Q: 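Before anything else, here's the structure in question.
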There are 2 protein chains.
Amino acid sequence: MQSQSDIRLTPQRQVILEELAKVKTHPTANEVYDMVRKRLPRIGLGTVYRNLELMADNGMILKLEVGGSQKRFDATTDLHYHIRCTRCGKVDDIELGAMPQLDQLAADTSDYQVLGHHIEFSGICKTCADNQAESATN
Amino acid sequence: MQSQSDIRLTPQRQVILEELAKVKTHPTANEVYDMVRKRLPRIGLGTVYRNLELMADNGMILKLEVGGSQKRFDATTDLHYHIRCTRCGKVDDIELGAMPQLDQLAADTSDYQVLGHHIEFSGICKTCADNQAESATN
DNA sequence: ATAAGAATAATACACATTATCATTCATTAA
DNA sequence: TTAATGAATGATAATGTGTATTATTCTTAT
Ligand SMILES: [Mn+2]
Ligand SMILES: [Mn+2]
Ligand SMILES: [Zn+2]
Ligand SMILES: [Zn+2]
């Protein structure tokens, strides 16, 4: 028996999922495309977009709408938070305990039906900070 | 005496700032353009984009990179949080006390130089919820 | 094997944002 | 006051991310 939201695991979808699960970098759709193309050279970019969107709708992966101009994807679906480097755009996980109770607080103080939340920190990553220090001493 | 980051308050910039301060709706650049055009019909869309970006860089306003395809702007620069309706895209403030101490926690658990954070809740706004209830009873 | 439906790949399209550049405006120094 | 300089603007072109379209290919059920 299959629930209505189960999707067929086509070869394309399988590879997209596997490649996404391999990395911790929160790649963009284009980056996933590049990763997947090494295994499926004939896959279309539209297929990658379409299926990332579909899997996100099904809760199989996370679509991160963080700062910057591109959406990013995450195979880890547990509630967790992110930090984005304002220099290079890199996104990393932040090992902070999740605070699901925030949703209730938000519901209490608004007339929205609250569905969830996300915390995005911003900062300078180690690499960019080091690069800056280096060029300052030149 | 002017600090280096002070910018000249051209008529265009003044009107953009005033119109943005008038609303609580977190308008997109295009929406700001429409508001401003009523007072300055000859202003260019590029000028609006350029100056919203500039003012955000100077800390005079906030650029909200929330979910959805367009960036939004906010004349209120105090640390506060937002909720976005996943149906209609509307963005409202959430009256939750700010938690600046989160930045320190994030700094402790990462090698980033943490600059700040933002919390974005998602949910269904009153209007969209009512519309849904209405069409369900048809 | 055949038919029906789902998914794919190629391509065209939409649209938000940025870049370019000639013109206009503001500021400064003769 | 005027001339020179640099900054800002407005018009327009260009870029890039993401979506829509559609003919073809693949699955599944009969
Ligand atoms: Mn993550
Ligand atoms: Mn706000
Ligand atoms: Zn970085
Ligand atoms: Zn709504």
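Throughout, protein chains are lettered first and strands after them, A, B, ... in sequence-line order, and every chain is numbered starting at 1. Note that the structure is predicted; figures quoted are calculated from it, not measured.
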Q: Under the side-chain contact (heavy atoms from CB on, under 4.5 Å) rule, what do H82(B) and I94(B) come out as? Steps first, then yes or no, please.
A: CA-CA 5 Å; H82(B) 296 97; I94(B) 281 285; 5.9 Å; no

Q: Answer yes or no: does a side-chain N or O of Q12(B) lie under 4.0 Å from OP1 or OP2 of dC25(C)?
A: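 Q12(B) to dC25(C) OP1/OP2: no side-chain N or O under 4.0 Å.
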
Q: Checking contacts here: which listed nucleotide (dA9(C), dG18(D), dT9(D)) is nearest the side-chain heavy atoms of T10(B)?
A: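 It is dT9(D).
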
Q: Using whole Å, what does the distance between atom C1' of nucleotide dA7(C) and atom CD of E53(A) come to?
A: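 In whole Å, dA7(C) C1' and E53(A) CD are 16 Å from each other.
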
Q: In whole Å, I'd like the distance from the CG atom of D6(B) to the C1' atom of dA26(C).
A: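 The answer, rounded to whole Å, is 17 Å.
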
Q: With distance as the sole criterion, do the side chain of R50(B) and the base of dG10(D) form a donor-acceptor contact below 3.5 Å?
A: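 Indeed there is one.
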
Q: Measuring from the side chain of R8(B) (C-beta onward, heavy atoms only), which nucleotide among dA7(D), dA16(C), dT17(D) has the closest atom?
A: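 When the side chain of R8(B) is considered, dA7(D) is the closest of dA7(D), dA16(C), dT17(D).
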
Q: Hey, are H80(A) and D74(A) close enough side-chain-wise for a donor-acceptor pair under 3.5 Å?
A: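 There is such a pair between these side chains.
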
Q: Check the distance between dG16(D)'s P and Y33(A)'s OH and give it to me in whole angstrom.
A: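 So the OH-P distance, Y33(A) to dG16(D), works out to 16 Å.
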
Q: Establish, with yes or no, whether the OP1 or OP2 oxygen of dT17(D) is under 4.0 angstrom from a side-chain nitrogen or oxygen of S69(A).
A: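 Answer no for this pair, as no side-chain N or O of S69(A) is under 4.0 Å from OP1 or OP2.
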
Q: Quick one: Q70(A) CD to dT15(D) C1', roughly how many Å, whole number?
A: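 In whole Å, dT15(D) C1' and Q70(A) CD are 12 Å from each other.
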
Q: Test side-chain contact (heavy atoms from CB on, under 4.5 Å) on F73(B) and L62(B) and set out the steps.
A: CA-CA 6 Å; F73(B) 297 88; L62(B) 282 187; over 6 Å; no

Q: Could you state the CG-P distance from L52(A) to dA7(C), rounded to the nearest angstrom?
A: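 These atoms are roughly 15 Å apart.
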
Q: Show, in sequence, the C-alpha distance, side-chain angles and deciding distance for L102(A) and M99(B), and conclude whether the side-chain contact (heavy atoms from CB on, under 4.5 Å) test is met.
A: CA-CA 11 Å; L102(A) 288 182; M99(B) 301 182 280; 3.9 Å; yes

Q: Y49(B) has an atom OH; how far is it from atom C1' of dT15(D), in whole Å?
A: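 Checked: the OH to C1' distance equals 13 Å.
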
Q: By the definition side chain to side chain contact (heavy atoms under 4.5 Å, CB included), identify the one residue from N51(B), T76(B), L20(B) that meets it with I61(B).
A: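 Only one option passes, and that is L20(B).
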
Q: Does anything in residues 34-46 of chain B come within less than 4.0 Å of DNA chain D? Heavy atoms only, and list the residues if so.
A: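 Output list: R42(B), I43(B), G44(B).
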
Q: Less than 3.5 Å apart, any donor N or O on the side chain of D93(B) or Y81(B) sitting next to an acceptor on the other?
A: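 Side chains of D93(B) and Y81(B): no pair found under 3.5 Å.
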
Q: Please find the pair of heavy atoms, one from T109(A) and one from E95(B), that lie closest to each other, and give the distance.
A: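 Answer, listing the atom of T109(A) first, then E95(B): CG2-O, 3.8 Å.
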
Q: Between atom CG in N51(B) and atom C1' in dT17(C), what is the gap in whole Å?
A: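 N51(B) atom CG is separated from dT17(C) atom C1' by 15 Å.
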
Q: When the distance from CG of L54(A) to P of dT19(D) is rounded to whole Å, what number comes out?
A: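 Roughly 13 Å, once rounded to whole Å.
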
Q: By nearest nucleotide on DNA chain C, pick out whichever of N30(B) and P11(B) is the more 5' one.
A: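 Nearest-nucleotide comparison on DNA chain C picks N30(B).
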
